[in-house]
S.K.: 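Quick one: this structure, given as structure tokens, is what I'll be asking you about.
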Amino acid sequence: MDKILVIGCSGQIGSELTLELRKLYGNANVIATDIRPAPQDILESGPFEVLDVLDISKLQLILEHEKVTQVYHLAAILSGNAEKRPLPSWEINMRSLMNILELSKELKIKKVFWPSSIAVFGPTTPRFDTPQYTVMEPNTVYGISKLAGERWIEYYFNKYGVDIRSLRYPGLISYKTEAGGGTTDYAVEIFYEAIRQKRYECFLSPESALPMMFMPDAIKATIDLMEADASRLSLRSSYNVAGISFTPRMLAVEIKKRIPDFTITYKPDFRQAIANSWPASIDDTVAKKDWGLQYEYDLPKMTDVMLREIRNKLG
Ligand code: NAD
Ligand code: AKB
């Protein structure tokens, strides 16, 4: 029986992925950890421990004591926050990954998941239908850490056989937990403000197209990749994932169809430069071919669910 460790269970992805993994592997077999408290449903449904992933001794203790076979390493500082504190963010993003890689090698952990991001691309990358293999010159601390991470995970696979798998997530959209300080966060905030105040001031300009993905599709893609037979994986860096590409203006139009008096204004801040350096759309044919990446949600379907669920949440 697999025993799974989730690091960063209280974040936007972890708060949902942990519960999905518990459904699949059994509540007691998925140990949730984070440096901050976990959501109530995670605390109530299975084991939780406070863990700073930089504390390699405690990490090793948990891995050995719990006989962990799979690790999902989700702890990181995202693009917007990382630009505010470059060196501490580099330290967290890189040292955490190196801790996991070293321990996975030594303790022969069966499988590891570590997410990369569209932030690995930069201003010299082709912006539309960005290919799997292309120019990669990221100019953000976060993007540089993700690109370095991709190189390291491939290295640990080739050199030591560590079976670590990765997706280049686009911006993730969800209603359970707030987004964690990224450039794509506007696409989550806008739904809360549309319901609370019927207006939103967007920190990106109206035509800033970015690839995004609704959380259920991201969770499914993550689990599908982790369950895929290793022989099907033709690459060991990180898979492009396209999701749905749209601009703030397009999202606002979609919300306005459902909340007619909703208004949006635009006041770009430092995150505009980050968005400008990222792809507008992604080519994910390699992921589709290798392990059958699929999506269920387009922009209208996602908007319906986001508005319904956030209305329920806010009462
Ligand atoms: P998040 O910020 O919402 O959650 C990260 C979690 O990690 C937080 O709960 C935080 O408390 C925890 N954490 C931070 N430092 C820690 C430490 N030292 N030890 C233990 N835990 C620590 O982020 P997220 O959106 O859930 O992202 C998860 C992963 O997915 C990250 O690697 C991120 O780069 C990647 N990713 C996310 C998106 C997105 O749109 N959410 C897109 C691309 C890639
Ligand atoms: C961010 O905006 O930093 C994240 C990401 C795309 O990696 N959502």
Side-chain angles (χ1 to χ4, degrees), residues 5-18 32-39 42 48-56 58-59 62 71-85 88-97 99-100 112-121 130 138 140-150 153 166-174 176-189 203-204 208 210-215 217-219 221-222 238-243 245 270-275 277-279 282:
L5 183 71
V6 179
I7 300 166
C9 73
S10 309
Q12 194 191 2
I13 304 173
S15 62
E16 301 202 34
L17 183 60
T18 304
T33 68
D34 202 292
I35 200 167
R36 59 180 169 141
I42 289 187
F48 168 76
E49 283 210 41
V50 172
L51 170 71
D52 179 347
V53 65
L54 300 184
D55 181 350
I56 193 165
K58 183 161 183 192
L59 178 59
I62 297 177
V71 176
Y72 285 72
H73 171 30
L74 307 174
I77 307 300
L78 275 69
S79 59
N81 285 347
E83 287 308 296
K84 293 179 195 156
R85 299 180 70 232
S89 303
W90 174 262
E91 167 78 357
I92 291 174
N93 292 1
M94 291 316 299
R95 193 145 68 83
S96 65
L97 178 61
N99 284 353
I100 306 279
V112 181
F113 178 76
W114 168 83
S116 184
S117 160
I118 52 165
V120 291
F121 301 114
T130 302
T140 61
V141 177
Y142 176 68
I144 300 168
S145 74
K146 289 295 185 190
L147 182 55
E150 286 193 12
I153 65 170
S166 179
L167 299 174
R168 289 175 183 152
Y169 287 136
L172 299 182
I173 299 178
S174 65
K176 184 179 174 195
T177 304
E178 280 175 39
T183 303
T184 57
D185 292 16
Y186 90 83
V188 177
E189 291 171 9
F203 59 76
L204 297 183
S208 308
L210 287 169
M212 303 277 183
M213 195 179 194
F214 196 33
M215 190 60 84
D217 280 339
I219 303 271
T222 305
S238 187
Y239 281 96
N240 271 10
V241 173
S245 282
F270 72 100
R271 288 167 282 191
Q272 184 65 52
I274 303 178
S277 76
W278 288 355
I282 300 277

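These numbers were taken from a predicted model, which means no experiment stands behind them. Counting starts at 1 for both ligands and their atoms, following the listed order.
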S.K.: Can you tell which part of Ser116 has a heavy atom less than 4.0 Å from ligand 1: side chain, backbone, both or neither?
M.R.: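 It is the backbone that gets close, since no side chain atom is under 4.0 Å.
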S.K.: Going by the atom numbers of ligand 2, which of them fall below 4.0 Å from some non-hydrogen atom of Leu78?
M.R.: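 Atoms satisfying the 4.0 Å criterion: 3 (O), 4 (C).
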S.K.: Short list, please: which atoms of ligand 2 are under 4.0 Å from a heavy atom of Thr183?
M.R.: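 Atoms satisfying the 4.0 Å criterion: 1 (C), 2 (O), 3 (O).
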S.K.: So is there a nitrogen or oxygen of Ser79 less than 3.5 Å from a nitrogen or oxygen in ligand 2?
M.R.: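 Yes, there is a polar N/O contact under 3.5 Å.
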S.K.: To the nearest 0.1 Å, how far is atom 29 (C) of ligand 1 from its closest protein heavy atom, and which atom is that?
M.R.: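 Checked against all protein heavy atoms, atom 29 (C) of ligand 1 sits closest to Leu74 O, 3.3 Å.
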S.K.: Going by the side chain to side chain contact (heavy atoms under 4.5 Å, CB included) test, name the single residue among Asp55, Asp52, Val53 that passes it with Ile35.
M.R.: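 It is Asp52, the one option of Asp55, Asp52, Val53 that forms the side chain to side chain contact (heavy atoms under 4.5 Å, CB included) with Ile35.
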S.K.: Please report which non-hydrogen protein atom sits nearest to atom 37 (C) of ligand 1, along with the residue it belongs to and the distance in Å to one decimal place.
M.R.: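 Its nearest protein heavy-atom neighbour is Ile13 CD1, 3.8 Å.
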S.K.: So, regarding Asp52 and ligand 1 (criterion: nitrogen or oxygen to nitrogen or oxygen, under 3.5 Å), is there a contact or not?
M.R.: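 Between Asp52 and ligand 1, an N or O pair is found under 3.5 Å apart.
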S.K.: Identify the closest protein heavy atom to atom 41 (N) of ligand 1: which residue and atom is it, and at what distance?
M.R.: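 For atom 41 (N) of ligand 1, the nearest protein heavy atom comes out as Gln12 OE1, 2.9 Å.
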S.K.: Based purely on interatomic distance, does Ile7 place a nitrogen or oxygen under 3.5 Å from a nitrogen or oxygen of ligand 1?
M.R.: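 Ile7 vs ligand 1: no N/O contact under 3.5 Å.
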S.K.: Considering non-hydrogen atoms of the protein only, which is the closest contact for atom 40 (O) of ligand 1, and what is the distance?
M.R.: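 Result: Leu172 N, 2.8 Å.
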S.K.: Examine Trp278 against ligand 2 and note whether any of their N/O atoms are separated by less than 3.5 Å.
M.R.: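 In this structure, Trp278 places no N or O atom under 3.5 Å from an N or O of ligand 2.
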S.K.: Of the choices Tyr72, Trp114, Tyr142, Phe113, which has the non-hydrogen atom that lies closest to atom 33 (C) of ligand 1?
M.R.: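 Closest candidate by heavy-atom distance is Tyr142.
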S.K.: Could you say whether the N/O atoms of Tyr169 and ligand 2 ever approach to under 3.5 Å?
M.R.: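 Min N/O separation from ligand 2 is not below 3.5 Å for Tyr169.
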